[in-house]
Asker: 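One structure follows; several queries about it will come next.
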Amino acid sequence: MKATLTLAAATCLAGAVSAQEQVLTIYAGDYVASEWGPGPKIEELFEARCDCDLQFSTGDLMPRLLLEGDNTEADVVFGLTTDVTRRARESGLFAPHGQDTSTLTLPVDWSDDVFLPYNYGHTAFVYDTDRVTEPPQSFDELRNAPDDLSIVIQDPRTSISGLALVLWVQAIYGDEAEAVWEDLSDNILTVTKGWSESYGLFTDGEADMALSYTSSPAYHIIAEDDDTVKAAIFPEGHYFMAELTAKVASTDVPELADAFMAFVLSEDFQSMIATGNWSFPAKLPREDWPEGFRQLELPEKVLFYTEDEAAELKDQAIEAWRSALSR
Amino acid sequence: MAQRPLALIAGALVCALTLVPVGAVLWRADGLSAFGPGAWQALRFTLWQAMLSAALSVLLAIPVARALARRRFRGRSLLVTLLGAPFILPVIVAVLGLVSVFGASGLVNRGLDVLGVPGMTIYGAHGVILAHVFFNLPLATRMILQGWLAIPGERFRLAASLGLSSREMFRVIEWPMLVRIGPQAAAVIFVICLSSFAVALTLGGGPRATTVELAIYQALRFDFDLGRAAMLACLQLALALAAGLVALRLSGRAGQGAGLDRVVPRWDAARGPARALDAFAIGLAALFLLTPLALVALNGAPGLPDLGWPVWRAALHSIAVALLSTALCLIWALPLATRRGEVVGLLGIAVSPLVLGTGLFILVRPYVNPVALALPATALVNALVALPFALRILRPEAEAVRTDYGRLAAALGLSPRLWLTRILLPRLRRPLGFAAGLTAALSMGDLGVIALFADPERATLPLQVYRLMGSYRMEAAQGAALLLLALSLALFWLFDRGGRVADA
Amino acid sequence: MLTLEALTVRAGDFALSADLSLDAPGRVAVIGPSGAGKSTLLDAVAGFRTPASGRVLWNGLDITGLPPGKRPVATLFQDNNLFPHLSLDENLALAIRPRGGRLDKSEAQRRDAALSRVGLGGFGQRRPGEVSGGQQSRAALARVILQNRPVMLLDEPFAALGPALKAEMLSEVRRVADEMGALALIVTHDPGDARRFAERTVVVAEGRAAPARPTEELFADPPPALRDYLGT
């Protein structure tokens, strides 16, 4: 109780001091601003270089922004993902980021002038080398794996990684996607609403493999000193996913928002984000990555749909998944 | 007694808080949209699983409640409290608990493996039902147990003096009570299961187990199709209300009349077969409900020491929200503890929480920053969501008090305040304690509407569990889940205990 | 004087009419076959049922629209006369202060006096469940004494007691009613009760409450409806 009071007092004081400062309001995905996400670090680093107060406001990013429209208090949005940018772009709520994207270190070309990537990853199935001694070497091998190899995936209708998965299958197999899902149905232990539930089932030993990201093993290596978690790398390629930030057109502090865009690509930010968000930095050469990341095996071939292609293929890819697994 | 206007106000508030947000979402939508592919399959599955879950939960609860009602044994009160736990667990924690028992590498399958028997899988339609029974059996048991305890001891005394057999006694005294309580309990559970989605999906094993609520989630969060979300929400609402009305029709009228407060032992229960049957019912229920909980505790224990200030702070928020919800819910429930009130109260769980949250956001946003209201709004919505349960618990006994003592109070000309403080509240002590405990615990475990607009500084404990999981900290998340479980149970126990002191 | 003026009371399909006056003080029995409407009549007087037509008057004052607690009437019910979770003292306090609050000294004395008067001195701390059936009836009577209303309604009040105890309670009520100068109306199905207790008797039969007649006279020459009921 006492601690709460002290904290409240401290917050009031901080509020009084910063009353003169400009406030940069950032709408972010829930995980970003939690104590275990990159938010606190971002706040610290950015406030050190601007005379301002950075405030995160978390929740469901796009629904909230679209509900608020032009009236939004957001100056910057942080944590959007590829594959669903078209809807965001169509809303007309965003302004160009003004950054040079030619120097990014992404495995794909990025020329979008509105959405700025700050980190990326690829869809991948992770496994525990103690439990799975002979992991599938390719997507085809996974497709034809014996029934006792169990995998958990996420629902493409409720999670961004699930959506990336069906696009991944679509990108590799095209019209054959539905047949692939049918082949996989014996191995799919279950489908969860989001990534957390799948990963929970995986770490509890319930499933042999879980749909996650190529960067996931880095967490176990760095935070838990455990190198038994690996992502299976397939020659068919892996689907690219990036997390994005954007400047809100109606911001009342455009200079601060611009400064934040520049900050996101700065070395300070980029060298923090790998372990801050357990993803690959968008503008940092591999040799500058933290050790645990550098040792990860990365896919040679990277698959990615533009937002228009993704929007067009999305319904078809989800329906192939749904109808094959509903049988 | 000035109760009618109060009931009308309370009922109007429930309607306003549930229907207006849905209206707001509809109004904000660019017109209605067609259902997506598989919508009818989703509707069929939703109805099927909800009906089966409700029926099984209530049927299985009968022998357990009967056994608990007529047995006194060491640790009974603790057991009754613990048996309530699954109902108040956050979904994700409960699912992981269930999976560690029934999952591919769970206790059951490891046991079967040792015996050389082929394993079973929890994933599939039966898994969904299993999970829903796991969640709702405790609720049904407690509701029916409450009904049993409300039968005046004089009835059993009379039955014993008549030398009625257990079977006759069941037919004459207990069956009428079950017919009254059973359908209502089933209706509440049916409505809960209507809006199930994470459980159904995870344990259903895939898109076969798609529910209407999942379609709502998809429409709101993913496709941002407000029209479709609102339409689906209305569909869900209609189903829930239909269930409520059917139950109302089935459950018939008032109770069995008053008895004086003596604790009367049951004379029919002393025989051997009855004892064995009761022991079996209690033992099996305890095993089924407590094993997953034990595993949640076991898995969570290593993570406990790692919990930092953010988790503890969230725990404080959650407790504050829970207490506020409880107060609100009880104030709300007392005037609504009537037949009609109970149907109105069902609205609280009939409206998809996702749509409710979105609607409130739309309504509040022009006037205040919704983020500032995150915690009070959560408390309010949690009170609303707990209302049907509180009403289910309070109504039978509130009605009995009114029938038995309404005339005496009227003849004395008791003031409404005195009627409330000296008669109604003391007479309702036991169900009030139970309702308060349930509300508090539910509110602790409920994610509520906070997910849409949470302030990072004002997270609740369930939200922190999800955040921990979302950032790979599975062990800490399980620790936080254990903390959540412990706090929920503690609150539940405190309130429930308070209500039962009288007949301890 | 209690007057039922062209009164009709409906309960479902059943209707009861009454047009009669009863003098106070006085003791009146209401007798008649089961289901004839005795309790309905009492309910109309006590205010638990609103008449379909007609009026209820007390000393010329129209009380038809008054709620039960505001009528000059105290009722002893068949059962549920005491709140089981409150001690006898607390139950009686409610009769003195129905709007709550602590009893002052003189009120507390009145309460104790009422308890003593029914032979329950020193039982005030007990709850209804902790005393015998006869004692519960006495406590309920003490409650009626404390309400101190000019009309007492007794709806088959001591049906659960043994004959000796019941006779004793009836004479107790008779003493109390006489001392208070009240009009006591007792519903009974036992002609013996009526003869022991009541100066006058109202016969309720076939949907009608007949005007009161002196009890002895009535039983000496019973009208047909009463004769059928008595089986003579």
Side-chain angles (χ1 to χ4, degrees), chain B residues 1-4 149-155 157-158 161 253-264 397-433 498-504, chain C residues 39 42-43 45-50 66-87 89-102 126-133 135-136 139-140 143-144 146-149 151-155 157 160:
Chain B
M1 275 159 279
Q3 305 223 318
R4 235 189 118 70
L149 294 180
I151 299 178
E154 282 83 341
R155 303 293 182 285
R157 209 188 262 268
L158 176 63
S161 70
R253 280 208 169 267
Q256 301 212 4
L260 296 172
D261 291 357
R262 287 188 175 109
V263 178
V264 180
E397 297 192 43
E399 271 179 347
V401 175
R402 276 192 274 264
T403 339
D404 295 338
Y405 302 108
R407 289 176 142 234
L408 177 54
L412 289 171
L414 289 191
S415 67
R417 190 180 59 81
L418 214 56
W419 163 255
L420 181 73
T421 56
R422 296 304 304 277
I423 313 300
L424 192 61
L425 291 181
R427 292 306 295 165
L428 291 180
R429 198 185 157 96
R430 183 156 54 190
L432 269 177
R500 284 189 295 148
V501 165
D503 56 288
Chain C
S39 295
L42 244 59
D43 280 355
V45 176
F48 292 119
R49 264 181 215 286
T50 318
L66 286 185
K70 300 264 183 247
R71 297 192 179 207
V73 175
T75 310
L76 258 184
F77 300 101
Q78 281 180 22
D79 45 31
N80 297 333
N81 275 299
L82 301 166
F83 296 111
H85 60 290
L86 302 179
S87 68
D89 274 351
E90 289 169 320
N91 265 291
L92 296 184
L94 288 180
I96 301 176
R97 282 182 168 260
R99 311 199 65 78
R102 283 178 62 88
R126 302 205 190 173
R127 294 192 185 186
E130 296 162 348
V131 300
S132 73
Q135 287 167 329
Q136 286 174 20
R143 195 254 295 159
V144 170
L146 284 172
Q147 281 184 279
N148 196 19
R149 308 277 171 91
V151 180
M152 283 169 62
L153 301 181
L154 301 94
D155 189 358

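A note on names: the letters A, B, ... follow the listed sequences, proteins ahead of strands, and every chain is numbered from 1. Computed over heavy atoms, backbone and side chain alike; hydrogens, waters and symmetry mates excluded.
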Asker: For Ala46(C), is it the side chain, the backbone, both, or neither that has a heavy atom closer than 4.5 Å to a heavy atom of chain B?
Answerer: neither
Asker: State whether Arg422(B) and Glu90(C) are salt-bridged, where the test is any N-O pair (Lys NZ or Arg NE/NH1/NH2 against Asp/Glu carboxylate O) under 4.0 Å.
Answerer: yes
Asker: Looking only at heavy atoms and a cut-off of under 4.5 Å, which of Ile423(B), Thr421(B), Val401(B) has the most pairs with chain C?
Answerer: Ile423(B)
Asker: Below 4.5 Å from any heavy atom of chain B, which atoms of Arg71(C) appear? Answer side chain, backbone, both or neither.
Answerer: neither
Asker: At a heavy-atom separation under 4.5 Å, does Leu153(C) approach chain B through its side chain, its backbone, both, or neither?
Answerer: neither
Asker: What part of Arg407(B) gets closer than 4.5 Å to chain C, counting heavy atoms only: side chain, backbone, both or neither?
Answerer: both
Asker: Please report the interatomic distance CG(Asn91(C)) to CG(Leu408(B)), rounded to the nearest 0.5 Å.
Answerer: 7.5 Å
Asker: Going from CG on Leu420(B) to CG on Leu414(B), what distance comes out if it is rounded to the nearest 0.5 angstrom?
Answerer: 11.5 Å
Asker: What pair of heavy atoms forms the shortest contact from Pro98(C) to Gly413(B), and how long is it?
Answerer: CB-O, 3.4 Å
Asker: Assess the residue pair Glu397(B) and Arg427(B) against the criterion (side-chain contact (heavy atoms from CB on, under 4.5 Å)); give the C-alpha distance rounded to whole Å, side-chain angles, the decisive distance to 0.1 Å, and a yes or no.
Answerer: CA-CA 8 Å; Glu397(B) 297 192 43; Arg427(B) 292 306 295 165; over 6 Å; no
